[in-house]
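Remarks on the structure that follows.
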Amino acid sequence: MMTRTRFAPSPTGNVHIGNMRAAIFNWLYARHTGGKFLLRVEDTDRERSTPEAISALLDAMDWLGLDVDEEPLYQSTRMDAHLAAAEQLLAAGHAYKEDKGGTGQGECIIFKMPQEDMIFEDEIKGTLKKAAADTQDFVIVRSNGTPVFHLANVLDDIEQGITHVIRGDDHIENTYRHVALYKALGAPVPKFAHLPMIINAQGKPYSKRDGDAFVGDFKEKGFLGETLFNYLALLGWSPGDDREVMTRDEMIAAFELTSCKSSPAQVDLRKLVWMNGEYIRAMKPAAFSEMARNELSAAGVDVGADADAVFELMQSRTKLPSEIGPATAFFFTDDFEYDQKAVEKKLLKEGVFQTLEKIAEIFQTLETFDEATVDKALHDFVEQSGLGFGAVMPPIRIAVSGQQSGPDLAPVLTILGKDNVLARIAKTIERFS
RNA sequence: GGCCCCAUCGUUCAGCGGUUAGGACACCAGGUUUUCAUCCUGGUAACACGGGUUCGAUUCCCGUUGGGGUCACCA
């Protein structure tokens with residue numbers, strides 16, 4: 001039988017990181033088994049399920065590369081079917097009507113839990129059971145005539161032919177009810193796999209107050225969709241060996257529900273950042289350039305046409321796109337800021353200006369200003385002057401960039417160009433003299 | 001509180017009766033580099049506790065502790 005999994009979020013505008021991880025696991029399992037991955041939008045809360053919220057959901061899935069195999073099912077279109085099923089359960093004696101609590105709200109339809117111990121095999125947690133005494137009847141249709149989550153969820157899973165329900169383990173208690181519902185409805189019971197929760201640094205479930213609880217937060221910070229996908233896949237699952245940074249195909253090939261852990265995991269932002277750097281370094285240079293351009297243009301920086309040489313220097317040292325702007329600002333403007341600490345530490349010292357003047361003289365005489373020539377001139381000067389690299393390179397770097405660290409100096413100077421380098425050295429001397 | 005789930009370095013993932021308890025991130029030290037990042041080498045660091053079972057428990061069972069979930073006419 002072909003595997004059919006689904007992601008069934010209720011669109012609220014922001015997609016929670018825990019929900020998205022469940023989506024990833026569903027997707028991975030469907031792909032691993034050659035089955036289908038479906039989307040069901042549980043949009044019965046008309047207040048929150050706005051078109052914007054739905055498109056935010058779709059965008060988030062698209063960003064993470066979670067492609068679906070069939071048209072999404074919108075739960076709001078299924079109310080008649082849900083209500084019809086409730087009538088069916090009523091007729092079969094699996095449900096009854098009652099003005100619950102005698103509140104005068106009118107009668108709701110209540111599902112009668114079977115008087116037997118409930119048990120099911122969870123793909124991750126093993127055998128899960130519940131004594132009959134610990135289960136209770138529950139409302140499936142409200143007194144206002146609308147279906148409740150349990151009914152709608154189960155019926156839609158049946159409608160979509162879901163074979164594996166992979167969701168957070170906060171649904172374990174619901175599962176006993178759902179299993180009873182499937183049976184009462186005469187439908188085959190799917191397999192269940194309950195994933196451990198993702199928790200925050202305090203060991204509590206992520207809430208809005210923690211920040212970084214939503215997929216959009218990570219996108220805004222410059223994480224790549226591939227990074228988040230890979231990282232989240234590794235939260236509660238591993239291929240069984242030491243691989244961590246993996247391609248999608250590798251993850252698909254190795255994914256097994258039975259190798260998922262059942263204890264909660266917490267997001268380690270530092271490792272996420274590291275992994276993002278790994279993905280960035282693996283990008284094609286052209287893709288990195290494009291990303292850098294977008295980043296800088298969003299920051300209002302005009303990089304001109306040929307900034308690729310700059311980006312090439314940056315790729316291996318970038319972990320988050322947001323680092324690119326500050327690190328490369330001096331390439332695109334003569335009006336860059338000087339790092340005060342660097343100036344005090346390396347520039348305002350005995351003899352430094354004389355060194356800069358001598359370097360400028362040497363540069364002046366260079367007929368070509370390519371990387372090899374500049375590099376050689378620098379080395380020759382260090383050797384002849386007996387000053388040492390530490391007394392020569394830092395001042396030059398600060399003079400042309402205002403910063404005390406950055407990419408290799410020779411290529412930086414080459415990209416800036418001879419005239420510009422000379423002008424900046426002169427300007428720096430004048431300013432700090 | 002009832003019921004349920006969970007428990008290996010700071011974090012994450014291995015380990016599935018006998019291991020010097022391993023990898024990754026982070027951290028520390030050294031090397032490479034003009035600086036920073038990268039890269040290379042090495043290091044610090046964990047089986048929550050108590051009982052069993054067993055020749056032998058991180059591993060199996062029970063309990064304790066701790067954390068989490070769930071007990072709606074929310075989803």
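Below, chain A is the first sequence line, B the second, and so on; all start at residue 1.
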What's [X] touching, base or sugar-phosphate or nothing? Going by heavy atoms closer than 4.0 Å.
{"X": "A:Q105", "answer": "base"}
{"X": "A:P9", "answer": "nothing"}
{"X": "A:L235", "answer": "sugar-phosphate"}
{"X": "A:G240", "answer": "sugar-phosphate"}
{"X": "A:D241", "answer": "nothing"}
{"X": "A:R281", "answer": "sugar-phosphate"}
{"X": "A:G406", "answer": "base"}
{"X": "A:D99", "answer": "base"}
{"X": "A:K319", "answer": "sugar-phosphate"}
{"X": "A:E42", "answer": "sugar-phosphate"}
{"X": "A:L409", "answer": "base"}
{"X": "A:G168", "answer": "nothing"}
{"X": "A:T175", "answer": "nothing"}
{"X": "A:F149", "answer": "base"}

Pair assignment for [N], Watson-Crick or G-U wobble, requiring both distances under 3.5 Å:
{"N": "B:G18", "value": "B:C55"}
{"N": "B:G66", "value": "B:C6"}
{"N": "B:C27", "value": "B:G43"}
{"N": "B:G1", "value": "B:C71"}

Please determine, by modelled atom types, if [X] and [Y] share a side-chain donor-acceptor pair under 3.5 angstrom.
{"X": "A:Y96", "Y": "A:D137", "value": "yes"}
{"X": "A:E121", "Y": "A:T127", "value": "yes"}
{"X": "A:W237", "Y": "A:S259", "value": "yes"}
{"X": "A:H82", "Y": "A:D156", "value": "yes"}

Report yes or no: is there a donor-acceptor pair, N or O only, under 3.5 Å between the side chain of A:N174 and the base of B:A75?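 Answer is yes: a donor-acceptor pair is held.
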Between the base of B:A26 and the side chain of A:K271, is there a donor-acceptor distance below 3.5 Å?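 Absent.
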Fit a plane to each ring of [X] and [Y], take the angle between them on a 0 to 90° scale, and name the class: parallel (under 30°), tilted (30 to 60°) or perpendicular (over 60°).
{"X": "A:F255", "Y": "A:F25", "result": "perpendicular"}
{"X": "A:F432", "Y": "A:Y338", "result": "perpendicular"}
{"X": "A:F336", "Y": "A:F330", "result": "perpendicular"}

Could you state the [atom1]-[atom2] distance from [X] to [N], rounded to the nearest angstrom?
{"X": "A:D45", "N": "B:C73", "atom1": "CG", "atom2": "C1'", "value": "14 Å"}
{"X": "A:H194", "N": "B:G68", "atom1": "NE2", "atom2": "C1'", "value": "15 Å"}
{"X": "A:L347", "N": "B:U35", "atom1": "CG", "atom2": "P", "value": "18 Å"}
{"X": "A:E250", "N": "B:C13", "atom1": "CD", "atom2": "C1'", "value": "16 Å"}
{"X": "A:W274", "N": "B:U12", "atom1": "CH2", "atom2": "P", "value": "16 Å"}
{"X": "A:K345", "N": "B:U35", "atom1": "NZ", "atom2": "P", "value": "12 Å"}
{"X": "A:Y96", "N": "B:C73", "atom1": "OH", "atom2": "C1'", "value": "13 Å"}
{"X": "A:L313", "N": "B:U38", "atom1": "CG", "atom2": "C1'", "value": "13 Å"}

How far, in whole Å, is [M] from [N] if one measures between their [atom1] atoms?
{"N": "B:C9", "M": "B:G2", "atom1": "C1'", "value": "36 Å"}
{"N": "B:G69", "M": "B:A45", "atom1": "P", "value": "34 Å"}
{"N": "B:A21", "M": "B:C16", "atom1": "P", "value": "14 Å"}
{"N": "B:A7", "M": "B:C62", "atom1": "C1'", "value": "16 Å"}
{"N": "B:A14", "M": "B:G31", "atom1": "C1'", "value": "30 Å"}
{"N": "B:A46", "M": "B:G30", "atom1": "P", "value": "23 Å"}
{"N": "B:G51", "M": "B:G68", "atom1": "C1'", "value": "26 Å"}
{"N": "B:A24", "M": "B:G66", "atom1": "P", "value": "36 Å"}

[X] and [Y]: aromatic ring centres closer than 6.0 Å?
{"X": "A:F149", "Y": "A:H178", "value": "yes"}
{"X": "A:F37", "Y": "A:Y29", "value": "no"}
{"X": "A:F223", "Y": "A:Y279", "value": "no"}

Of the nucleotides [options], which one has an atom closest to the side chain of [X]?
{"X": "A:D408", "options": "B:U34, B:A75, B:C25", "result": "B:U34"}
{"X": "A:S316", "options": "B:U35, B:G23, B:A37", "result": "B:A37"}
{"X": "A:Q136", "options": "B:C71, B:A75, B:U34", "result": "B:C71"}
{"X": "A:K100", "options": "B:U12, B:C73, B:G10", "result": "B:C73"}
{"X": "A:E244", "options": "B:G10, B:A75, B:G23", "result": "B:G23"}

What does the list of N/O pairs under 3.5 Å between the protein and nucleotides 4-7 of chain B look like, with a distance for each?
unit_1: B:C5; atom_1: O2'; unit_2: A:K125; atom_2: NZ; d: 2.8

Under 4.0 Å between a Lys/Arg side-chain N and an Asp/Glu carboxylate O for A:R78 and A:D43?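 No.
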For atom CD of A:E323, is the number of surrounding heavy atoms from other residues, nucleotides or ligands below 6.0 Å larger than 12?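 Result for CD/A:E323: enclosed.
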Taking only N and O in the side chain of A:S238, is any of them less than 4.0 Å away from OP1 or OP2 of B:A14?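 Yes, A:S238 has a side-chain N/O under 4.0 Å of OP1/OP2 on B:A14.
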Residue mapping more 5' on RNA chain B - nearest nucleotide basis, A:V267 or A:D170: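 Closer to the 5' end of RNA chain B: A:V267.
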For A:V139 and for A:E278, find the nucleotide of RNA chain B with the closest heavy atom, then tell me which residue's nucleotide is more 5'.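 Closest to the 5' end, via its nearest nucleotide, is A:E278.
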